[in-house]
Participant: 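Can you keep this structure in mind? I'll have questions shortly.
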Amino acid sequence: MRIVLCLLVCAELVLGAGVRVLFGPGGPSGPLPSDVHTVPDERQKTGRRIALTVPIERERLRVGEEVTPGVISDFDGYAPQHQMSVQFSGPVNVNTLRDGLFYVTVGEPPAGEFGLWPVGKVTRVNEVVWDPETNMAFAKPDGPLDQSRRHAVVVTDGVKDLVGDPVEASPEFTQCVEAPSGEYCAALQQAMGVASVAGRITGGSVYTTMSVTAFLEAARRGLEGTDPMFARAGSRNVVEVLAVKSLTLRRQVRTFGNRFEEQVLPAPGTLFAAAGVGRIAFGSFRSPRFLGRDLPVMPVVPTGVRVIATPESDQIFFHAWLPLTPPPAGGYPVVLAGHGLGDDRFGMPSTLAIGLVKEGYAVVAFNAFGHGFGPEGTVRIERLDGEVVEFPYGGRGMDISGTGRIGATDGAAVVVSGAPLFFRDSLRQTALDWSQMVRAIQRGMDLLGTGRPTLDGSRISYYGQSLGAFYGSLFMAVEPNVISAALNVGGDSIVRTARLSPETRPLLSQYSLTRGPVDDVLPLRYQPVKVNRSPLETSLQNQLEYLEWVEAPGAAGNYAPHFKSATLPGVPIKRILFQYVIGDRTVPNPANTALVRAANMRETTSVFRFDAVKGRIPGAPEDPHGYLALGLLGSLQYSAIALAHQSQGGEWFRRTDDTVPNVNGGLRLLFGRDVFETPEFLTEDLNFQER
């Protein structure tokens, strides 16, 4: 009898203890992120700087490699969409995690800046993961959070244990918020006081988001003290397209031996002339180089200090497709054409010229950083009369591998053990180069040698495709002199895109710290909570989160809120047309829609319903990602789709309202239905089409 009574009492004590939310802000149990892992720094815009110790960083992130100083240790906070982690003392009902995990905005935005949300804004969680080995929950915010601002992770008794009882606060957390001692507990007490959430608060942390746009903003301002030094490419820099017999790209692919490979482009003058193209003009300008010469990495600059443009600069070669008609008095209106990954200034921009020049636009292009192969390449144009003219190709690739070979994207991605910068800094450099291009145009760019501006500096728009939409997002957020843009098949994050994409996933696998399959390691939005099956999955998830943190200053999704909802100082509201295609395998739909959602611009989005018309397109590709440019090289139906979407961009640039131009008219004759739609809801699925 005594034994039975003892067992009942012991069981009651165990059950009465309940599952607690662990509170160890100085260790990996967290909750994280936490300002415990920061130190005061008056040079930073937020007044704080990340100071994670390597053991804690390894334990939290499970990277297993030494982290190079300066990768995140000089950030002034956490990524705006930083994943939370909350550890419990025992198992919980994973289906209740969304009911008890929240982000709350608890601090004011920096002085003179707009914030996305008022103090006290509660943001629910999404993309929830449960690790049964450690009883740890991970989740992302369901919407964008402000940069440079204090937020809180809040856990409530909405989370239930396996028998349905609410989780409880740990004594350490209660002590910290009820009788705070020290700076962190005082800040946590204040944050929990601001958090107006349903239920009883049982755990939490307070943390600061980093100033992701600060460097790019300051660097763009630094351009104003520089001279773009526009120059025409030689005395005969203009070629009439009807006089062109062939155009050959002589690319530098090696630094030794036979250094060049040639590609003859299909560029019949009659085709371009039929599209309204009259001339192609070549020129150059100089843009400050913020990247290192040996390794294309930008210096770490405290976010609260002024950025002075480096005295080093690159000569950037560009060309402009010009209309057959003479330029208006103020010059042609301009469309800046940002090409995609592995492409160059003679790819997508050339097909864009076929669609837009007939509408009176000049289409201007240069190679994004890390593209166009080596710097010694040339463009050789043979005229019908036999004369050959040659211009610099303007390759911006680098042999950073030390093999002597320069590929189509070498230098764009930095894949170095311990410093996984990926495309972050090449995107930022390219965005700054476009701002410098705008300055060169606005100074009065005379491409034709007439003594008058050829391009109108007051009518500049931007059209970015794929990678061009990624760096175009950075450019549009910080550049005050370009109001309208069309961003085609872009995404919010290169890391997220590479994780989801069967086409670009090999880029992510180059990281030595990413071992194992990454395609389904994290759930999509609104999918059920993912329960990890092995420690490897948790390790991969943490590594991907680390990569996204590193990427944050160059992630398009972190700039998109500044198009309209929270414009940056001195930058007006932007008009952005988003274009994406159902079933994209290169930049999958969840990455497309995450960018649109971050910008809060669903109403100015045009979706190509490839899924609905694929069967009526002869030779339709498995991956429709490149339809805007490559469609012109396909069937009649595919060409019509590409031209219609390009025309939609051109009409968008001419207008001042936010109505998506309807270009379905002619396509209905081919397909019997509308091909482009403004979605009522943004898709969260991959939507890959059957092979």
Side-chain angles (χ1 to χ4, degrees), residues 45 112-113 211-231 283-293 296-318 320 334-338 345 364-371 394 396 424-447 453 455-462 464 468 470-485 553-554 556 558-559 562-563 567-572 574:
K45 186 174 179 179
E113 296 191 15
S211 308
V212 288
T213 67
F215 177 82
L216 206 63
E217 289 180 81
R220 199 216 63 82
R221 288 192 296 269
L223 296 178
E224 295 172 2
T226 67
D227 184 355
M229 300 176 64
F230 159 70
S284 71
F285 65 97
R286 298 205 72 90
S287 182
R289 182 187 176 108
F290 293 89
L291 297 170
R293 289 290 176 186
V297 175
M298 286 185 172
V300 177
V301 179
T303 56
V305 304
R306 180 185 177 192
V307 175
I308 300 175
T310 171
E312 282 198 80
S313 65
D314 287 335
Q315 186 175 15
I316 298 180
F317 295 93
F318 71 92
V334 183
V335 174
L336 309 175
R345 64 185 176 116
V364 176
F366 60 73
N367 290 320
F369 189 87
H371 288 73
R396 305 180 71 191
R424 186 191 75 187
D425 289 353
S426 64
L427 297 185
R428 292 198 290 176
Q429 178 68 59
T430 304
L432 290 169
D433 296 334
W434 277 118
S435 282
Q436 189 74 332
M437 179 87 224
V438 170
R439 296 184 68 249
I441 293 172
Q442 291 188 325
R443 286 194 170 196
M445 183 177 287
D446 178 13
L447 282 167
L455 308 177
D456 188 343
S458 67
R459 293 189 293 170
I460 304 176
S461 303
Y462 179 85
F470 283 87
Y471 57 73
S473 295
L474 278 59
F475 165 66
M476 289 300 296
V478 303
E479 175 53 56
N481 298 303
V482 180
I483 304 300
S484 297
N558 291 334
Y559 287 77
H562 306 293
F563 295 158
T567 55
L568 298 171
V571 182
K574 301 304 178 74

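If you read the sequence from its start, that first residue is 1, and numbering goes on from there.
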Participant: Kindly say whether Ile316 contributes a backbone atom to a donor-acceptor pair with the side chain of Asp314 at under 3.5 angstrom?
Facilitator: no
Participant: Give the intermediate values and the outcome of side-chain contact (heavy atoms from CB on, under 4.5 Å) for residues Leu432 and Gln436.
Facilitator: CA-CA 6 Å; Leu432 290 169; Gln436 189 74 332; over 6 Å; no
Participant: Check side-chain contact (heavy atoms from CB on, under 4.5 Å) between Ser313 and all other residues, then give those that pass, not counting sequence neighbours.
Facilitator: Arg286
Participant: If only atom types and distance count, is the side chain of Gln429 paired as donor or acceptor with the main-chain N or O of Ala368 below 3.5 Å?
Facilitator: no
Participant: Are the side chain of Arg439 and the backbone N or O of Leu223 linked by a donor-acceptor pair below 3.5 Å?
Facilitator: yes
Participant: List in chain and number order the residues that pass side chain to side chain donor-acceptor pair (under 3.5 Å) with Ser458, two or more places apart in sequence or in another chain; answer none if no residue qualifies.
Facilitator: Asp456
Participant: Taking atom OG of Ser435 and atom CZ of Arg221, what is their separation to the nearest 0.5 Å?
Facilitator: 12.0 Å
Participant: Provide the closest heavy-atom pair for Ala320 versus Val364 in the form atom of the first, atom of the second, distance.
Facilitator: CB-CG2, 3.9 Å
Participant: Give the minimum heavy-atom separation between Ile483 and Pro572, together with the two atoms involved.
Facilitator: CD1-CG, 3.4 Å
Participant: With a 4.5 Å heavy-atom cut-off, do Leu474 and Thr430 have their side chains touching?
Facilitator: no
Participant: If you draw a 6.0 Å radius around CZ in Arg306, do more than 12 non-hydrogen atoms from other residues or ligands fall strictly inside?
Facilitator: no
Participant: Just wondering, do Glu217 and Ser211 contact through their side chains at under 4.5 Å, heavy atoms?
Facilitator: no
Participant: Give the minimum heavy-atom separation between Leu568 and Ala477, together with the two atoms involved.
Facilitator: CD1-O, 3.5 Å
Participant: Once you round to the nearest 0.5 Å, how far does CD1 of Ile441 lie from CG of Asn481?
Facilitator: 11.0 Å
Participant: Measure the OH-CD distance between Tyr462 and Glu479 for me, rounded to the nearest 0.5 Å.
Facilitator: 12.5 Å
Participant: Using 30° and 60° as the class limits, which term best fits the ring planes of Trp434 and Phe475: parallel, tilted or perpendicular?
Facilitator: tilted
Participant: Output every pair passing salt bridge (Lys or Arg N to Asp or Glu O under 4.0 Å) with a member in residues 428-437, not counting sequence neighbours, ordered by first then second residue.
Facilitator: Arg396-Asp433, Asp425-Arg428
Participant: Rounded to the nearest 0.5 Å, what separates atom CE in Met437 from atom CD1 in Ile460?
Facilitator: 8.0 Å
Participant: Between the side chain of Tyr559 and the main-chain N/O of Met476, is any donor-acceptor distance below 3.5 Å?
Facilitator: no
Participant: Could you work out, with ring-ring contact (aromatic ring centres under 6.0 Å, His included) as the rule, every residue matching His371, not counting sequence neighbours?
Facilitator: His339
Participant: Mind telling me whether Phe230 and Phe318 have parallel, tilted or perpendicular rings, with 30° and 60° as the class edges?
Facilitator: tilted
Participant: Might you point out which heavy atoms bring Pro569 and Gly112 nearest each other, and give the distance in Å?
Facilitator: CG-O, 4.4 Å
Participant: In terms of ring plane angle, is the pair Phe215 and Phe290 parallel, tilted or perpendicular, where the classes change at 30° and 60°?
Facilitator: perpendicular
Participant: Which atoms form the tightest heavy-atom contact between Thr226 and Arg443, and what is the distance?
Facilitator: O-NH2, 3.4 Å
Participant: My understanding is that only residues two or more places apart in sequence, or in another chain, count here; which of them pass ring-ring contact (aromatic ring centres under 6.0 Å, His included) with Phe369?
Facilitator: none
Participant: Side chain to side chain donor-acceptor pair (under 3.5 Å) with Ser284: which residues, sequence neighbours excluded?
Facilitator: Gln315
Participant: Counting distance only, does the side-chain N/O of Arg424 pair as donor-acceptor with the main-chain N or O of Leu427 below 3.5 Å?
Facilitator: no
Participant: Mind checking whether Lys574 and Val571 have side chains closer than 4.5 Å, heavy atoms only?
Facilitator: yes
Participant: Hey, what do you get for CE (Met229) to OG (Ser287), rounding to the nearest 0.5 Å?
Facilitator: 12.5 Å
Participant: Please report the shortest heavy-atom distance between Thr213 and His562, naming the atom on each side.
Facilitator: CG2-CD2, 3.9 Å
